Amino acid sequence: MSQLDNYAPPGKAPLLTVEHLTMRFGGLVAINDLSFAAYERDITALIGPNGAGKTTVFNCLTGFYKPTVGRITMKGAGQDYLLEQMEGFRITRIAGVARTFQNIRLFSGMTLLENLIVAQHNELMDASLFSIAGLLGLPRYRNAEKAAIELAKFWLNRIGLYERADQPASSLPYGAQRRLEIARAMCTKPRLLCLDEPAAGLNPRESAELNALLLSVRNDEGIGVLLIEHDMSVVMKISDHIVVLDYGRKISDGTPEAVRNDENVIKAYLGEVEEEELPPEVASDVGMQS
Ligand SMILES: Nc1ncnc2c1ncn2[C@@H]1O[C@H](COP(=O)(O)OP(=O)(O)OP(=O)(O)O)[C@@H](O)[C@H]1O
């Protein structure tokens with residue numbers, strides 16, 4: 001057990017450490033003294049009722065908001081990065097944190113392949129020496145461009161959309177657009193992938209495909225995944241560690257098994273009702289036995 005959590009997986013180190021994070025908007029305290037860790041090669045889920053502060057945590061991690069108080073440390077290969085002190089684009093580029101958003105934000109008029117190449121803009125700009133090498137067609141740029149296309153094709157294959165590489169992103173069904181967003185984030189070669197409600201609006205088959213994709217990202221790429229999700233069929237099946245927020249505070253954390261049996265979690269989601277009064281679909285949503 002760590003100082004921050006009721007969870008410490010053997011043989012794994014924390015990848016992201018959030019300590020005493022507080023975020024105020026005027027008089028509203030959206031996050032209140034929150035501490036937790038997300039471990040390497042783990043899927044960590046951040047759950048909680050609407051308005052609990054989950055997206056605000058993501059916005060603090062990824063530079064959209066500057067926290068009022070707190071420290072957010074991302075472990076790097078050679079050094080640690082204090083994310084609250086970094087500009088947003090450096091958080092992706094240098095600290096290796098990528099994210100998706102609650103609403104799909106693809107470049108809808110671009111093809112699938114182009115969406116994945118745009119994600120590699122930073123590396124391509126470096127290789128082009130800010131356009132000179134690109135304009136002259138120097139090998140340095142040509143090689144980088146080839147590598148970017150290869151990586152894009154690799155991810156299109158992984159998400160089962162290789163055949164549609166040249167079609168516009170807007171032509172994809174909703175679930176496939178979600179997978180493309182994850183592939184685009186993976187093309188930035190992150191060490192931590194942050195996903196804001198990736199299962200929202202998916203049908204059961206698409207949810208199952210998403211689960212398989214996220215497990216393969218964890219297992220095959222060996223990176224950490226931090227997930228905000230309301231769909232408990234996703235959270236309980238694939239998470240290694242769950243952190244539960246309510247009104248900006250952490251009310252529980254641990255393995256799915258520990259969290260689903262925690263009285264505080266059941267109360268936060270359902271209020272003080274008796275278990276036998278719950279409709280069966282609600283009881284199963286929070287993992288309670290009916
Ligand atoms: N930029 C902002 N300005 C003012 N209040 C904000 C801002 N962003 C978030 N909030 C408030 O902070 C609280 C937490 O919001 P947040 O979006 O983080 O919750 P959430 O857990 O992600 O909710 P949901 O599950 O509905 O997406 C809410 O009361 C919200 O209205």
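A quick note: this is a predicted structure, and the numbers were derived from the prediction, not measured. We use all heavy atoms of the structure for the numbers below, so side chains are in, but hydrogens, waters and symmetry mates are not. Just so you know, ligand 1 is whichever comes first in the structure, and atom 1 is the first atom listed for that ligand. Heads up: numbering here begins at 1 and tracks the sequence.
No hydrogens or angles considered: nothing links the side chains of Asp42 and Thr44 as a donor-acceptor pair under 3.5 Å. No side-chain donor-acceptor contact under 3.5 Å links Thr68 and Arg24. With 3.5 Å as the limit, one finds no donor-acceptor pair spanning the side chains of Thr255 and Asp240.
In this structure, the protein non-hydrogen atom closest to atom 23 (O) of ligand 1 is Gly51 N, 2.9 Å. Considering only non-hydrogen protein atoms, atom 26 (O) of ligand 1 sits nearest to Asn50 ND2, 2.9 Å. Closest protein heavy atom to atom 17 (O) of ligand 1: Thr55 CB, 3.8 Å. Protein heavy atom in closest approach to atom 27 (O) of ligand 1: Gln102 NE2, 3.0 Å. For atom 19 (O) of ligand 1, the nearest non-hydrogen atom of the protein is Gly53 N, 3.2 Å. Closest to atom 1 (N) of ligand 1, if we only count protein heavy atoms, is Tyr65 OH, 3.0 Å.
Evaluated for a ring-ring contact (aromatic ring centres under 6.0 Å, His included) with Phe64, the options Phe101, Phe89, Phe58 yield exactly one hit, Phe101.
Each of the following atoms of ligand 1 lies closer than 4.0 Å to a heavy atom of Thr56: 9 (C), 14 (C), 15 (O), 16 (P), 18 (O). Less than 4.0 angstrom separates some heavy atom of His230 from each of these atoms of ligand 1: 25 (O). The ligand atoms of ligand 1 that sit less than 4.0 angstrom from a heavy atom of Ala52 are 19 (O), 20 (P), 21 (O). For ligand 1, the atoms closer than 4.0 angstrom to any heavy atom of Ala30 are 12 (O), 13 (C).
Between Arg260 and Glu257, at least one side-chain nitrogen of the basic residue sits less than 4.0 Å from a carboxylate oxygen of the acidic one, meeting the salt-bridge criterion. For the pair Asp196 and Lys54, the salt-bridge criterion is not met [side-chain N within less than 4.0 Å of a carboxylate O]. For the pair Lys146 and Glu150, the salt-bridge criterion is not met [side-chain N within less than 4.0 Å of a carboxylate O]. Salt-bridge annotation for Arg71 and Glu84: absent, with no side-chain N of the basic residue lying under 4.0 Å from a carboxylate O of the acidic one.
In this comparison of Phe64, Phe25, Tyr247, Phe58, the heavy atom closest to atom 5 (N) of ligand 1 sits on Phe25.
By the 4.5 Å heavy-atom criterion applied to side chains, Leu215 and Asp220 are not counted as neighbours.
Within the 4.0 Å heavy-atom criterion, the part of Leu28 lying near ligand 1 is the side chain and not the backbone.
Taking only nitrogen or oxygen atoms, main chain and side chain alike, Gly48 does not reach within less than 3.5 Å of ligand 1.
Under the 4.0 Å distance rule, the nearest protein heavy atom to atom 31 (O) of ligand 1 falls outside the cut-off.
Close to ligand 1: Glu197, with a non-hydrogen atom less than 4.0 angstrom away.
The aromatic rings of Tyr7 and His241 lie parallel to each other, with less than 30° between the two planes, well short of the 60° mark.
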